[in-house]
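The next block holds one structure in the form of structure tokens; read it before the comments.
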There are 2 protein chains.
Amino acid sequence: MAYRSADQVVHKAAWLYYTHGLRQDEVAQRLNISRASVALYLRRAREAGIVNISTSTHLFRSHMMARRLEEAFGLDTVWVTERGELVPDPVAEIPTLAASVFLEMVKNGDRVGVAWGHTVYAIADTMAYADRENVTVVELCGNLGSPYSYRPDQCTMEIARRLNANGLNFYAPLVLSTEALAIGLRDEPVIREQLNGIASCDLALFSVGTLAEDSHVIKCGALSVEELRAIKTMGGVGVIAGQVIDAEGAWLDCDYNRRIISADFDAIRSIPRRLMVVQEDEKLEPLLAAIKGRFFTHLVVTSRMAGRLLDHAGAREDIEASAAPIS
Amino acid sequence: MAYRSADQVVHKAAWLYYTHGLRQDEVAQRLNISRASVALYLRRAREAGIVNISTSTHLFRSHMMARRLEEAFGLDTVWVTERGELVPDPVAEIPTLAASVFLEMVKNGDRVGVAWGHTVYAIADTMAYADRENVTVVELCGNLGSPYSYRPDQCTMEIARRLNANGLNFYAPLVLSTEALAIGLRDEPVIREQLNGIASCDLALFSVGTLAEDSHVIKCGALSVEELRAIKTMGGVGVIAGQVIDAEGAWLDCDYNRRIISADFDAIRSIPRRLMVVQEDEKLEPLLAAIKGRFFTHLVVTSRMAGRLLDHAGAREDIEASAAPIS
DNA sequence: GGGACCAATTGACTTTTGTCAATGGTAATA
DNA sequence: TATTACCATTGACAAAAGTCAATTGGTCCC
């Protein structure tokens, strides 16, 4: 990571204040600047990730349903957000938690695969800045045209920026007009390399998409409403990294899927830690499919969704809400 | 990690305050408690490691000498503390920095080997609390009798406590009266197991000791002044995990070393990341020996010591102090 | 050299946070 | 049941941090 020399003072102020525990006026005195400047520098240090303030996400793992989901579906770790009015902004709660969880999971030197969508973008947006080293963020799928706000490359780049990582974009569209073109493009060295690099990721972050008529794939123009209907009759229930899956979580053999430039499902599954984040209640069906397809190992969901998942696992008893007090 | 239910409120307050950015009075309102309580809870959250505030240690790596030391001695990473009067407490600076560096290095699931001594204890003492998971802290060497303040097991346990890790102590003395007894004891299953477990550590933390007459090994009674003198004439220059090394960093074949219960040097060297921390100026000679013995991969030192090391590497130019501005 | 522009810095003020003695509640004990 | 001891909690005050308009200092261009 490159440092401008101006950062030196900022860094020094942060060190004295946060690590040594001096007061702002003491720091000001030592560095021969005004206290107001110290306050300014400290803010910058926080914003630049020179100082990291993180809250443990244990709270959300101690939720009773989190444990039961882990057991029911053989997941590694599950985080469940609280229901209720305590939360300042219920909409932001999932991305906020997911961002914290994700930051906890990213280690120096990691290669991180990132998918796209509303949820992923919201996570990128709330995520704190951090000064990781040697982190690479790669796109899991091809790109979309510009008149859309949650472009895959934007997700990748924003996350890379916040982690001080370098971002690798796919230089290809997500969806092509013909299968032949897609096949040809996948064999282009630049694209091939990017596709091959996915399996060597240490960590992945994604959400699952629905196949509703107001869903992502429609809004971004990847799929027309007619195609969508056809795909649904063929058994499609959700979208992973731009590709349609059926109720069993398997790749759907349809024209659309064959025209896609995106991560191979086996490549995704070979990434050791895969974080799935789901905000919307409507994603139950796709999420169940994603579980069957073993697409993820870590999960962040609302307590409502957690409840429904447990219903479907047939494993839900009637004890509701509230965290499990453990010894 | 076990949670008392009282922690729930503390945790929730910390989440709302630090992650959501609410003010204390807003948090108080949401949780139906007084603002004063919120302030109290937040303090507890920080002290318990539920909230982590860490400052990047990049500042100390950008020191020009840090880079040159890495190059001159083939080290992984070197941190150099600033000289000068800016620092609130020059004595505390090394342990403070070392504690930050060490915390940055410990990852969930790690097995960490810890040696003993004044320096290690000081590090344990300044180190912030953190809520790591599945971390194990193991002692690198046997123990000393009680009337001594920096006992190896105390170092281990204190560090374990701060990391929410579990600490494994050596159930053996560091030094025995006869070689025969030491050999016998090393073959005891409990001890054997502990010794074998050292090579499987992911990270080690230690300092190097001197062989001066006011040094550690003397004060703690491990060695008499007569023995010490004998050892010095045999070529001993320093102490690593209780064992004497010569100027080349090799195990010294002497009676004392044969009576020791401690980590095998090859086992130590097989730990991938080994953090050496040196405070005292007098440790130049032992430190040079430790370098030759390839005992560590990461180093925290004062700029003064850094300068002397570079002198000995014959690689030092006359540009002094001040950090290197990079691009 | 003068002036225009921009960013960094600061003093003065406001808001937020930290602290602590006083209060109230609870569990153990006589 | 009364008594004691012990925390957790709080209100009120003091201390510290945040903010912003005004000022300074620098750089670039004419």
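Sequence lines set the chain letters: A, B, ... in the order given, protein chains first and strands last, and positions in each chain run from 1.
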Residue pairs passing the salt bridge (Lys or Arg N to Asp or Glu O under 4.0 Å) test with at least one member in residues 32-42 of chain A, sequence neighbours excluded, are none
Residues at least two apart in sequence or cross-chain that pass side chain to side chain contact (heavy atoms under 4.5 Å, CB included) with B:Asn169, listed by chain then number, are B:Glu139, B:Asp153, B:Thr156, B:Met157, B:Tyr171
For A:Asp25, the salt bridge (Lys or Arg N to Asp or Glu O under 4.0 Å) test, sequence neighbours excluded, returns A:Arg23
Protein heavy-atom contacts under 4.0 Å, written 5' to 3' over nucleotides 8-23 of chain C as B (base), S (sugar-phosphate only) or - (none), form the string -SBB----SBBB----
*Test item: side-chain donor near acceptor, A:Thr55 and B:Thr19, under 3.5 Å*: yes
By salt bridge (Lys or Arg N to Asp or Glu O under 4.0 Å), B:Glu26 pairs with (sequence neighbours left out) none
The first and last nucleotides of DNA chain D lying within contact of chain B, meaning any atom under 4.0 Å from one of its heavy atoms, run from D:dT9 to D:dG11
Hits for side chain to side chain contact (heavy atoms under 4.5 Å, CB included) against B:Thr81, two or more places apart or cross-chain, chain-then-number order -> B:Glu93, B:Ile94, B:Leu97, B:Thr302
One would report the end-axis bend of the helix from C:dG1-D:dC30 to C:dA30-D:dT1, five pairs per end and rounded to 10 degrees, as 20°
Contacts of B:Gln29 meeting side chain to side chain contact (heavy atoms under 4.5 Å, CB included) (sequence neighbours excluded), chain-then-number -> none
Across all chains, not counting sequence neighbours, the side chain to side chain contact (heavy atoms under 4.5 Å, CB included) partners of B:Leu40 are B:Arg44
For A:Glu71, the salt bridge (Lys or Arg N to Asp or Glu O under 4.0 Å) test, sequence neighbours excluded, returns none
Hits for salt bridge (Lys or Arg N to Asp or Glu O under 4.0 Å) against B:Glu158, two or more places apart or cross-chain, chain-then-number order -> B:Arg161, B:Arg162
